[in-house]
**Q** 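Here it is, the structure in full.
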Amino acid sequence: MVDVRLAWPICRKGWPRVNAFGDSTLAYIDQGVFLALRALGRGPIVQYVWIYENGADLDGLQRFHRNLQHTLISRLIERSAVPFGRHHWVRYESPGLDVETGERPREQVWDWVDERAFLPLDPEFGPPWHLGVQPLVGGGTAVPLVVSHTTSDAGAAIDSIIDAVNGVGHDFGFPERGARPRWQALRHDIAVSARSVRDIPTAVSAAARTLREQKGSPTTKPAVRNGTPGGDRPVVVPRVYASIDANEWAERARALGGTRNVLFAGLVVRLGYRLGRVDGDGRVMLSVPVSERTEGDTRANPLNGVSVYADPDLVCTDLSAIRADTKSALAELSRTSAQILAPLALTPFTPKLAVRRVEKMVMKEGKPVGCSNVGEIPEAANQPDGSNADFFTMRGGEAGLTPNILERLGGHLLVSSVTLRDRVWIAVASWEGDRCNTRSNLAEVVEAAFGDFELKAQLDF
């Protein structure tokens, strides 16, 4: 059976480590993510931010940067030498650490972090990641690491961070770009494609079954408005960062009949409710990523997912229902995971136009709310210069979003969480077409959502 884990315990003690024994051929799901990136002209990123209030050790950050080049995030995609072939991974070497020469006030740090998120990333031509350093007025230092989700998910990236801090390097056996002679590339890729053909009948059957199951099922898609003037310019989705004592968090979860992870889901439900992301029955739909990473896994995105509907009023007083519903959804996924992923074998044969149409088709009933909880991670993940940072956050997102795209997608709400050094760190990203999308307004919503659970968190925005 596939080892299915909810995204939040992906980095718990004893989780499978990525090692150096992986095939350079992209998994179907990774090629699909790459195809979507090229078809849509945009793709998701993951950003990790450390803040040292009294300054970071630059030599330590230089060492961290060098070590990252021997981890799983340092790779690129090289296309197949044959049409409709399987792409493969190649090595990548970063040109250097980006150190800003001027200082910025601490209150402007998130403006600069947003700027770093807008710097180009490209999983094919590079860079797939970049690390920056910003000195702050008064002696502090901000350090953001931005990684293309096409080349590494949160689990692989955190693993890479920990390995880089500990000086653990890997040789995954990925070749240099263009290292294969043309004849060798053709022979190899034809052989790989021939072996992949045997997956196609199962993929076609699974895709047909999925279409039959979806046919006739009622869906309510977000209303698509006409484009607004200036709506094609990239926009910064407002974000707010919160942290709270892990013991206080756990005590409140127990009082409500849940666990720390379920309390996080409840908080996300309240955020969705307060931002108007409810369906016709007044429920909030959580979209929860599920990791299927196994021992020795070099896939970039071994992910699946479940949807959980929750009553936003009930979660404030009783977490047992959302806990049971999540458990049931995961059990169902463990039974159907292979069927869900089987159509991915058709990925190499999927034209860009079809991918663009899929984006329009996947709009689900209501307004999905992204709920990504990485869980507790080792202290080393907070030590890019060799010592503990004072502030840490992990945030997801997508570069290249515009108001028109966000309107078409029905808005955006993604909430991420990680537990580190006895604190729960939460990042909230939100954009709604009918609201004033500012950090201060979002901070009021976040503070109110914590208050719904009789909790008060420290906010930074």
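Both backbone and side-chain heavy atoms feed into the values below; hydrogens, waters and symmetry mates do not.
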**Q** Does R270 pair with D452 as a salt bridge, N-O distance under 4.0 Å?
**A** yes
**Q** Looking only at heavy atoms, which two atoms of T71 and D163 are closest? And how far apart?
**A** CG2-CB, 4.2 Å
**Q** Is a side-chain N or O of R252 found less than 3.5 angstrom from the main chain of F453, in a donor-acceptor match?
**A** yes
**Q** What are the two closest heavy atoms between L263 and W249, and how far apart are they?
**A** CD2-O, 3.3 Å
**Q** May I ask you to check whether over 12 heavy atoms, not counting those of Q69, lie within 6.0 Å of atom CD?
**A** yes
**Q** Roughly how far apart are I162 CD1 and I158 CD1, rounded to 0.5 Å?
**A** 7.0 Å
**Q** If you look at every heavy atom in T402 and D232, which pair is closest and at what distance?
**A** CG2-O, 3.3 Å
**Q** Is there a donor in the side chain of N388 and an acceptor in the side chain of E379, or the other way round, less than 3.5 Å apart?
**A** yes
**Q** Between the main-chain N or O of C436 and the side-chain N or O of N441, is there a donor-acceptor pair closer than 3.5 Å?
**A** yes
**Q** Is the closest side-chain donor-acceptor distance between D98 and H130 under 3.5 Å?
**A** no
**Q** Please say whether more than 12 non-hydrogen atoms of neighbouring residues, nucleotides or ligands are located less than 6.0 Å from CG in D422.
**A** no
**Q** Quick one: ring pair (Phe, Tyr, Trp, His ring centres under 6.0 Å) partners of Y273, sequence neighbours excluded?
**A** none
**Q** Would you say the side-chain atoms of R395 and Y241 include a donor-acceptor pair closer than 3.5 Å?
**A** yes
